[in-house]
Amino acid sequence: MLMLCLIKPNSIFAPSIKKGSATMQKELSEQELVRRDNLKKLQELGIDPFPSDTFDVNTKAIDIKSRYTEESKEFESVKLAGRLMSKRIMGKASFAELMDSSGRIQIYLNRDEICPEEDKTMYNEVFKKLLDLGDFIGIEGFAFTTQVGEISVHVTKFTVLSKSLRPLPVVKTDAEGNVHDSFSDPELRYRMRYVDMVVNPDVRRVFEQRTTMYNTIRTYLNEKGYLEVETPILQPLYGGAAARPFKTHHNTLDMTLYLRIANELYLKRLIVGGYDGVYEFSKDFRNEGMSRFHNPEFTQIELYVAYKDYEWMMNLVEEMVELIAIALHGTTKVQVGENVLDFQRPWKRYTMYEAIKEYTGVDISEMDESQLREAAKSLKVHVDNSLGKGKIIDEIFGEHVEHKLIQPTFITDYPVEMSPLAKKHKSKPGLVERFEAICNAKEICNAFSELNDPIDQRERFESQLELGKRGDDEAMVLDEDFLRSLEFGMPPTAGLGIGMDRLAMIMTNQSSIQDVLFFPQMKPEKQE
RNA sequence: GAUCUGGUAGCUCAGCUGGUAGAGCAAUACACUUUUAAUGUAUGGGCCCUGGGUUCGAAUCCCAGCCAGAUCACCA
């Protein structure tokens, strides 16, 4: 093909570099060559394909589409910018679609209006041939309605703003709203999220909703007077959760550092230091398996409030999550998969024992360890001998209760063995003042009345150390500085952690954590 | 980590019991001044994931590997 001959190896538009070079690119496809050739031709016409000038738009596509009427004078002179997403050329006139951050709008171009003089190059060459789908252009013109009734922009002038050298997937939607040839390969979507976002506009909506979620929480907590803080991500000791950490090394200090698995112990130090309430959106890192619910790095918000307990915190969670649902959906009801979850307060509350009794008919509240073991067997829950009382209860709960909890539900009062940082229950021996909120069969938050008795805390750490010695690689390590801070005195405090990714999945109705993370962790692409 | 499914054109996918590599969209050329999944005619485009094996012959069968998804186990 003639086009191919125009690209000589020594051209600056050629694939670049010799074989074996680190920067060697894959051989260019036919369509990439065409685009590079079009770029060159634009330059030959004196058109800069990558101009630096500001292009000041005065309108978004959605403004015109939502407000334009035949009578309105509002859109008599509009200026928009975005990507060219389709072209329908009909000789001396053309329709096309421009997509800006708000969406797509149809544009209309007429040869003799674009080129009133003799020279028809801008229409015949630049628009019809040298502009490719995906290119950024700016347009000026006026809004109108086509004969078929589609609100469009009649273009009087267009400007090349940036050339696209790779073809985007072309996704089309027909009159019935059916999407054709959708860009759907999950691997490609996650590896090239920028393409996913261009071509699948709902993807951007999800992330906008995620940000709305964050903003709602920030506003809510700031209005209560709590302080947003930042604490170390690189920690000499990892703590605050049961998980395996990522390990790294600081060269100058010549010491091992860990990426945080939680920020709990640091935030509590800040309560010791005198704040009434602190919170942090905390990127945490856990060196564990990956699945559609687990990414190696994920985000939690943790919140600590002095002079409060877990009952108080339950009310806060209800109120805050209800607000999020309303902020995103205008209602407390949220469609998640096949279910509609209603976040309206108050949520159901069960103690763990009540929940197990409700869903299995077995009352385990008075059982000792051997009775529990028997009960587990009769419920077909597999428990091996290394499991202690708390773990057995947790297994029964996980097996028989958790997956049935679709509507938002609080589960309270957990066994002490599972909660080394929570305060012992004021009236129920063997339990701690802790709750989790479960919805759509998944835990979305974990909270407790924080253990502030330094002597008790030391003992709990020590029993964790025992677990570690027995081979539990998720057991907590003893943090002397944290204990020292508690010895100076920490007020009674309620603490909360919410898994932001999990919450985002529910609030945006996504079934995979990868769909609420811009760049989910992937194995490296193989080298060409 | 285990099991299952998949990897073919820029994108979405066909390709049977082994016999010359296919479609739609996208691209290229021409036509077309209100189309809208625009249309019509013509054309080009492939390391069939990688490496072995079986075979006269492999996209197809076998083995190993890489990557992804789903399910399961641990964790949020």
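A, B, ... follow the sequence lines: proteins, then strands. Residue 1 opens every chain. Just so it is clear, the model here is predicted, and its values are computed rather than measured.
- Across all strands shown, A:Lys391 has heavy atoms under 4.0 Å from sugar-phosphate atoms exclusively, and none from any base.
- Rounded to whole Å, the distance from CG on A:Leu84 to P on B:A26 is 13 Å.
- With distances taken from any side-chain atom of A:Glu150 to the nucleotides B:U36, B:A68, B:U35, the minimum falls on B:U36.
- Considering only the side chain of A:Ser152, B:U35 comes nearest among B:U28, B:G10, B:U35.
- Using P as the reference atom, B:C74 and B:A38 are 50 Å apart when rounded to the nearest Å.
- At least one side-chain heavy atom of A:Met122 sits less than 4.5 Å from a side-chain heavy atom of A:Phe158.
- Contacts of A:Val170 with the nucleic acid, taken as non-hydrogen atoms under 4.0 Å apart, involve only primed sugar atoms and P, OP1 or OP2.
- Nucleotide B:A59 forms a pair with no other nucleotide shown, judged by Watson-Crick or G-U wobble geometry with both contacts under 3.5 Å.
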Please write out each protein N/O paired with an N/O of nucleotides 21-24 of chain B under 3.5 Å, distance rounded to 0.1 Å.
residue : atom : partner  : partner atom : Å
B:G24   : N2   : A:Asp181 : OD1          : 3.0

**Q.** Intermediate values then yes/no, side-chain contact (heavy atoms from CB on, under 4.5 Å), A:Thr146 and A:Tyr108
**A.** CA-CA 9 Å; A:Thr146 64; A:Tyr108 172 77; over 6 Å; no
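- Backbone-only engagement by A:Glu443 is indicated by non-hydrogen atom pairs under 4.0 Å involving sugar-phosphate atoms exclusively.
- Among the atoms of the strands shown, none is found under 4.0 Å from any heavy atom of A:Asp501.
- Nucleic acid contact for A:Ser86: none, since no nucleic acid atom lies under 4.0 Å from a heavy atom of the residue.
- Across all strands shown, A:Asp112 has heavy atoms under 4.0 Å from base atoms, whether or not it also approaches the sugar-phosphate.
- Searching all strands for a Watson-Crick or G-U wobble partner of B:C25 with both distances below 3.5 Å returns B:G10.
- Among the atoms of the strands shown, none is found under 4.0 Å from any heavy atom of A:Arg111.
- Checking B:C47 for Watson-Crick or G-U wobble geometry (two distances, each under 3.5 Å) identifies no partner in any strand.
- Across all strands shown, A:Tyr123 has no heavy atoms under 4.0 Å from either base or sugar-phosphate atoms.
- With distances taken from any side-chain atom of A:Lys172 to the nucleotides B:A68, B:A26, B:U35, the minimum falls on B:A26.
- Comparing A:Phe144 and A:Arg286, the nucleotide of RNA chain B nearest to each residue sits closer to the 5' end for A:Phe144.
- Take the nearest nucleotide of RNA chain B for A:Met192 and for A:Pro186: the residue whose nucleotide is more 5' is A:Met192.
- Within 4.0 Å of A:Gly499, counting heavy atoms only, lies no atom of the nucleic acid at all.
- Rounded to an integer number of Å, the gap from CZ of A:Arg88 to C1' of B:G40 is 17 Å.
- Distance check on atom P: B:U20 versus B:C48 gives 16 Å, rounded to whole Å.
- Nucleic acid contact class of A:Tyr108 (heavy atoms, under 4.0 Å, all strands): base.
- Residue A:Leu188 places its side chain closer to B:C11 than to any other of B:C67, B:C11, B:C25.
- Proximity of A:Arg104 to the phosphate of B:U36: no side-chain N or O atom is located under 4.0 Å from OP1 or OP2.
- The nucleotide whose nearest atom lies closest to any side-chain atom of A:Ala93 is, among B:U33, B:A26, B:U34, B:U33.
- In a base pair of the Watson-Crick type (N1 to N3 plus N6-O4 or O6-N4) or a G-U wobble (N1-O2 and O6-N3), with each distance short of 3.5 Å, B:U5 is matched with B:A68.
- Of the candidates B:A37, B:U28, B:C32, the closest approach to any side-chain atom of A:Asp132 belongs to B:U28.
- Here B:A68 presents its C1' atom at 9 Å from CD of A:Gln514, a figure rounded to the nearest Å.
- Nucleotide B:C74 has no partner under the Watson-Crick or G-U criteria, as no pair reaches both atom distances under 3.5 Å.
- With B:C74, B:C67, B:A38 as the choices, the nucleotide that has an atom nearest any side-chain atom of A:Arg191 turns out to be B:C67.
- Spacing of P atoms, B:A31 relative to B:G45, comes out at 24 Å, to the nearest Å.
- Without hydrogens or angle criteria, A:Ser102 side chain to A:Asp100 main chain gives no donor-acceptor distance under 3.5 Å.
- When the C1' atom is used for both B:A14 and B:G6, the distance is 15 Å, rounded to whole Å.
- Atom CG of A:Asn110 and atom OG1 of A:Thr156 lie 11.5 Å apart (nearest 0.5 Å).
- Remark: A:Met505 CE to A:Leu517 CG distance equals 9.5 Å, nearest 0.5 Å.
- Side chain of A:Glu30, nearest nucleotide from B:U35, B:G45, B:A68: B:G45.
- Taking the C1' atoms as reference points, B:C66 lies 15 Å from B:G52, given to the whole Å.
- With hydrogens and angles ignored, a donor-acceptor pair closer than 3.5 Å exists between the side chain of A:Thr146 and the base of B:U35.
- If you take CG of A:Asn124 and C1' of B:C32, they are 13 Å apart, rounded to a whole angstrom.
- A 3.5 Å limit on both hydrogen-bonding distances identifies B:C30 as the Watson-Crick or G-U partner of B:G40.
- Going from atom NE2 of A:His154 over to atom P of B:U35 covers 15 Å, rounded to whole Å.
- In this structure, A:Glu228 pairs ionically with A:Arg218, as a charged nitrogen and a carboxylate oxygen lie closer than 4.0 Å.
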Q: Report the C-alpha separation of A:Leu496 and A:Cys445 in whole Å, then their side-chain angles, then the decisive distance to 0.1 Å, and conclude whether the side-chain contact (heavy atoms from CB on, under 4.5 Å) test is met.
A: CA-CA 7 Å; A:Leu496 166 72; A:Cys445 82; 3.9 Å; yes
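- Closest contact between the side chain of A:Gln147 and the listed nucleotides B:U35, B:C11, B:G69 involves B:U35.
- Comparing B:U36, B:G10, B:C30 against the side chain of A:Ser29 picks out B:G10 as the nearest.
- At whole-Å resolution of the value, CG in A:Asn38 and C1' in B:A27 are 10 Å apart.
- Taking the six-membered ring where tryptophan is involved, the planes of A:Phe461 and A:Phe482 are perpendicular, since the angle between them exceeds 60° and thus also 30°.
- Counting non-hydrogen atoms under 4.0 angstrom, A:Ser94 reaches nothing in the nucleic acid.
- Residues A:Tyr190 and A:Asp515 bring a donor and an acceptor atom of their side chains to less than 3.5 Å of each other.
- A:Asp135 contributes a side-chain N or O that, together with a main-chain N or O of A:Ser164, makes up a donor-acceptor pair within less than 3.5 Å.
- Atom-to-atom distance recorded for A:Arg286:CZ and A:Leu259:CG is 12.5 Å, nearest 0.5 angstrom.
- When rounded to the nearest whole Å, the span between CG of A:Asn110 and P of B:U35 equals 14 Å.
- At least one side-chain nitrogen or oxygen of A:Lys129 sits closer than 4.0 Å to the OP1 or OP2 atom of B:C30.
- For the pairing with A:Leu303, the side-chain contact (heavy atoms from CB on, under 4.5 Å) check across A:Leu221, A:Val317, A:Ile498 returns one residue only, A:Leu221.
- Atom P of B:U5 sits at a distance of 11 Å from the matching atom of B:C62, rounded to the whole Å.
- Atom CG in A:Leu33 sits about 12 Å away from atom C1' in B:G44, given to the nearest Å.
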